[in-house]
Amino acid sequence: QVQLAESGGGSAQAGGSLRLFCETSGYSYSSASCLAWFRQAPGKEREGVASIYISRGTTEYADSVKGRFTVSRDNAENGMYLQMNSLKPEDTATYYCAAGYGLYACVRRTLSDFDYWGQGTQVSVSS
């Protein structure tokens, strides 16, 4: 059974930083593995924020977070981080990690491309 668990959410002031972690269990890593972060603000659709194609280490970002957020794999190779710097109030959302397969999934970051999801962790940024 595949399980994803996010941690590290919380509150921060604008300009501050938070780091999220997504731990995977039961997920079969392969040369096509793609892990991604999504977020959903109240009243808005869930959007893909960042992704990492595991075998190549290549990363993709939404324009809204490019230059501020960094996605990386953890050294134990059982999950990934999302380092969020220069936070803005508009970053407030529930953040979800997702796991799937294929480079296309990492590039497109659409919900249907990912088979497994975590429960989400709340991030709140105050001005």
Side-chain angles (χ1 to χ4, degrees):
Q1 181 181 2
V2 177
Q3 292 184 321
L4 307 180
E6 304 93 343
S7 61
S11 298
Q13 291 189 328
S17 299
L18 286 171
R19 188 171 77 159
L20 307 182
F21 179 61
C22 170
E23 181 176 15
T24 66
S25 62
Y27 173 70
S28 295
Y29 284 90
S30 74
S31 60
S33 290
C34 172
L35 301 181
W37 288 98
F38 287 76
R39 68 184 181 187
Q40 187 167 20
K44 294 188 177 181
E45 294 185 351
R46 193 172 298 189
E47 62 169 345
V49 173
S51 62
I52 181 167
Y53 192 59
I54 297 298
S55 62
R56 300 181 187 177
T58 52
T59 56
E60 300 280 344
Y61 298 93
D63 288 342
S64 58
V65 305
K66 200 170 293 183
R68 301 187 298 120
F69 290 11
T70 303
V71 59
S72 61
R73 189 175 184 184
D74 79 312
N75 291 333
E77 299 185 347
N78 67 342
M80 65 174 173
Y81 293 97
L82 183 67
Q83 178 67 42
M84 305 186 294
N85 298 328
S86 301
L87 284 164
K88 303 176 180 180
E90 51 263 45
D91 294 320
T92 295
T94 300
Y95 283 71
Y96 300 89
C97 67
Y101 298 95
L103 179 60
Y104 199 39
C106 266
V107 173
R108 291 201 312 180
R109 293 191 307 279
T110 57
L111 275 66
S112 60
D113 288 331
F114 293 87
D115 303 307
Y116 309 104
W117 293 84
Q119 293 299 308
T121 186
Q122 179 66 37
V123 170
S124 298
V125 183
S126 58
S127 58

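- Annotation: the span from Arg108 atom CZ to Glu60 atom CD amounts to 13.0 Å, rounded to 0.5 Å.
- Pairs of residues two or more places apart, or lying in two chains, that qualify as side chain to side chain donor-acceptor pair (under 3.5 Å) and include a residue from residues 9-19 are Ser17-Asn85.
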Report task. Check the pair Arg39 / Val123 against side-chain contact (heavy atoms from CB on, under 4.5 Å), numbers first and verdict last. Result -> CA-CA 9 Å; Arg39 68 184 181 187; Val123 170; over 6 Å; no

Query - Verdict with reasoning, Glu6 to Tyr95, per side-chain contact (heavy atoms from CB on, under 4.5 Å) - result: CA-CA 8 Å; Glu6 304 93 343; Tyr95 283 71; over 6 Å; no

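- One finds the CD atom of Glu47 at 10.5 Å from the CG atom of Leu111 (value rounded to the nearest 0.5 Å).
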Requested in this report: Please step through side-chain contact (heavy atoms from CB on, under 4.5 Å) for the pair Tyr29 and Arg73, ending with a clear verdict.
Outcome: CA-CA 12 Å; Tyr29 284 90; Arg73 189 175 184 184; 3.5 Å; yes

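- Using a 4.0 Å cut-off between charged nitrogen and carboxylate oxygen, Asp63 and Lys66 count as a salt-bridge pair.
- When hydrophobic clusters are built by joining Ile, Leu, Val, Met, Phe, Trp and Tyr residues whose side-chain heavy atoms come closer than 4.5 Å, directly or via intermediates, Leu87 is grouped together with Val49.
- Of the possible polar contacts, one joining the Ser55 side chain to the Ser31 backbone as a donor-acceptor pair under 3.5 Å is found.
- When Ile52, Val71, Thr121, Leu18 are each tested for a side chain to side chain contact (heavy atoms under 4.5 Å, CB included) with Leu82, only one passes: Val71.
- Atom CZ of residue Phe38 and atom OG1 of residue Thr110 lie 6.5 Å apart, to the nearest 0.5 angstrom.
- Counting heavy atoms from C-beta outward, Glu23 and Asn78 have side chains that approach closer than 4.5 Å.
- At least one side-chain heavy atom of Arg56 sits less than 4.5 Å from a side-chain heavy atom of Leu103.
- Within the structure, the ring-ring contact (aromatic ring centres under 6.0 Å, His included) test picks out the following pairs touching residues 52-94 (sequence neighbours left out): Phe21-Tyr81.
- The minimum heavy-atom distance linking Ala62 with Gly48 is given by the pair CB-O, 3.6 Å.
- When every heavy atom of Ala41 is checked against every heavy atom of Ala93, the shortest pair comes out as N-CB, 3.8 Å.
- When ring centroids are compared, Tyr101 and Tyr116 stay outside the 6.0 Å threshold.
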Query raised in the report: Passes side-chain contact (heavy atoms from CB on, under 4.5 Å), Leu35 versus Ile54? Steps please.
Result: CA-CA 7 Å; Leu35 301 181; Ile54 297 298; 4.0 Å; yes

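- Ser86 approaches Asp91 most closely through the heavy-atom pair O-OD2, 4.5 Å.
- Taking CD of Gln122 as the reference point, atom OG1 of Thr92 lies at 7.5 Å (rounded to 0.5 Å).
- Remark: Phe114 CZ to Ser51 OG distance equals 6.0 Å, nearest 0.5 Å.
- Interatomic distance, Cys97 SG to Gln119 CD, rounded to the nearest 0.5 Å: 10.0 Å.
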